[in-house]
Amino acid sequence: MDLFRANLTKAFIHLDRLTHNVRLLKQLVGKRPLWPAIKANAYGHGIEAVARHLVGLGYHTLCVAEVYEAIVLLEAGVRARFLLLSATRPEHSEAIVEYECEPVVCTAEMLDALAREAQKRGRQVSVHIAIDTGMGRVGIYPAEVPAFIERARALPSLRVRGLMSHFPCADQADKAPSLEEIAQFRRVIETTRGRNIEDIEVRHMANSAAIFDLPDAYFDAVRPGIAIYGLRPSWEIANPRVMELKPVLEWKTQVTFLKEVPAGTGLSYGHAFHTTQPSLIATVPVGYGDGLSRNLSNNFEALVGGVRCPQVGRITMDQCLIDVTALRGQVELGDEVVIIGRQGKEEVTADELAEKLGTINYEIVTAISQRVPRVVVAD
Ligand SMILES: *Cc1c(COP(=O)(O)O)cnc(C)c1O
């Protein structure tokens with residue numbers, strides 16, 4: 001018996017919806033290649049199943065943050081090329097060259113370390129120069145690009161395959177800062193053209209938000225993350241086609257205990273909730289150890305029997321309580337409880353939980369912990 005799979009709390013991953021979302025994005029960008037971002041366990045969706053599905057759909061270049069994420073997939077037999085989006089350090093060079101990953105680079109130290117390692121193995125390593133057009137994170141400034149490229153070109157075991165940048169504000173209603181960043185990126189590209197550097201194959205900048213709202217940012221490839229999982233980058237996306245996204249993940253558990261309690265009963269740690277009437281309280285085996293933030297205590301609704309039921313008392317590490325008084329006589333041990341997803345006519349979205357926590361849907365799904373098995377659903 002697969003004990004891990006036997007966990008009562010599971011994330012169900014609808015790969016058919018992943019296919020739908022990817023096709024929608026593909027319609028928007030046309031012929032340009034899509035390089036899906038599957039970092040952080042595919043935004044909590046389960047990196048291996050998502051990677052295999054994308055490769056099966058014909059997407060052979062995938063974006064991860066760290067080299068170890070690529071190694072795990074390659075060792076598992078996933079045949080893809082991996083772009084590393086986070087800054088790397090010289091101690092990563094060996095793994096990068098060995099596993100033929102393509103890092104984003106923005107330091108001379110890293111250029112040298114990669115070139116040395118590649119030369120040692122009689123190989124060539126491909127890199128993407130990161131340009132900071134406004135994000136203020138990894139990347140060299142536009143003015144530094146020509147010198148940086150010269151330096152890279154002096155290293156024969158190193159190939160500058162791409163120029164990339166990243167948007168800080170593409171998901172905002174005001175597109176002016178993003179349009180200025182696109183203009184800057186274009187100017188950088190022009191300076192490299194002036195230097196007769198035709199071998200730079202791909203220029204890429206667009207995340208999910210830009211795919212919907214900034215067609216000028218498409219360039220030669222796009223890097224969608226959140227949208228492939230069917231979640232909107234923000235509520236400020238203008239393109240109505242964002243409505244066509246279908247959430248890939250559902251998070252479900254079940255009732256493990258039920259009990260009637262009198263009015264005035266304090267529930268869970270700290271008695272942060274007291275019943276105001278005789279109540280039927282269900283225990284469910286999901287808590288902050290599963291990635292359900294303790295800050296949602298007394299502040300979210302789960303679906304039971306197609307009805308929204310309030311969560312009551314503090315969320316503990318492994319369990320929490322749902323007030324199912326409204327379902328008296330209709331709820332039994334083992335009944336399904338939905339944390340994120342649909343049940344009957346009701347739906348709880350990652351956006352709804354994000355709003356309650358003052359965060360974004362990205363964090364809600366990414367926070368679902370390793371303890372929760374990801375179960376692939378073939379709809
Ligand atoms: C995560 C990431 C993306 C994808 O962003 P989404 O908003 O999820 O589409 C693209 N590019 C870089 C550099 C990233 O770090």
Looking at [X] and [Y], does any basic side-chain N land under 4.0 Å from a carboxylate oxygen?
X    : Y    : value
R187 : E190 : no
K120 : E94  : no
E201 : R159 : yes

- Query: Going from CG on D171 to CH2 on W235, what distance comes out if it is rounded to the nearest 0.5 angstrom?
  - Reply: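 Reported value, rounded in 0.5 Å steps: 13.0 Å.
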- Query: Out of curiosity, S297 OG to L292 CG, how far, rounded to the nearest 0.5 Å?
  - Reply: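 Spacing of OG (S297) from CG (L292) equals 8.0 Å.
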So, for [X] and [Y], which heavy atoms are closest and what is the spacing to 0.1 Å?
X    : Y    : result
G230 : L245 : O-CB, 3.6 Å
H53  : T19  : NE2-OG1, 2.7 Å
A227 : N21  : O-CB, 3.5 Å
A70  : C101 : CB-SG, 3.7 Å

- Worked check of side chain to side chain contact (heavy atoms under 4.5 Å, CB included) between I13 and L249: CA-CA 5 Å; I13 306 301; L249 177 143; 3.9 Å; yes
- Item | Test salt bridge (Lys or Arg N to Asp or Glu O under 4.0 Å) applied to E244 - qualifying residues, sequence neighbours left out |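 In terms of salt bridge (Lys or Arg N to Asp or Glu O under 4.0 Å), with neighbours along the sequence ignored, E244 is linked to R241.
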- Query: Could you give all pairs that pass the ring-ring contact (aromatic ring centres under 6.0 Å, His included) test and reach residues 253-296, with sequence neighbours left out?
  - Reply: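 Every ring-ring contact (aromatic ring centres under 6.0 Å, His included) pair that includes a residue of residues 253-296, provided the two are not neighbours, is H271-H274.
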Determine all donor-acceptor pairs shorter than 3.5 Å in which one atom belongs to a side chain in residues 104-112; sequence neighbours excluded.
residue : atom : partner : partner atom : Å
T107    : OG1  : M110    : N            : 3.1
E109    : OE1  : R89     : NH1          : 2.8
D112    : OD2  : R151    : NH2          : 2.6

- Query: Do the side chains of R223 and N207 get nearer than 4.5 Å, heavy atoms only?
  - Reply: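 Not in contact.
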- Message: Can you pull out every salt bridge (Lys or Arg N to Asp or Glu O under 4.0 Å) where at least one residue sits in residues 282-293? Sequence neighbours excluded, please.
- Response: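 Passing the test, one end in residues 282-293: D290-R371.
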- Among pairs that include at least one residue of residues 208-218, which meet salt bridge (Lys or Arg N to Asp or Glu O under 4.0 Å), considering only residues two or more places apart or in two chains?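 Output for this query lists K175-D213.
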Can you give the donor-acceptor pairs under 3.5 Å from side chains of residues 71-81 to other protein atoms, not counting sequence neighbours?
residue : atom : partner : partner atom : Å
E75     : OE2  : Y99     : OH           : 2.4
R81     : NH1  : E102    : OE2          : 2.8

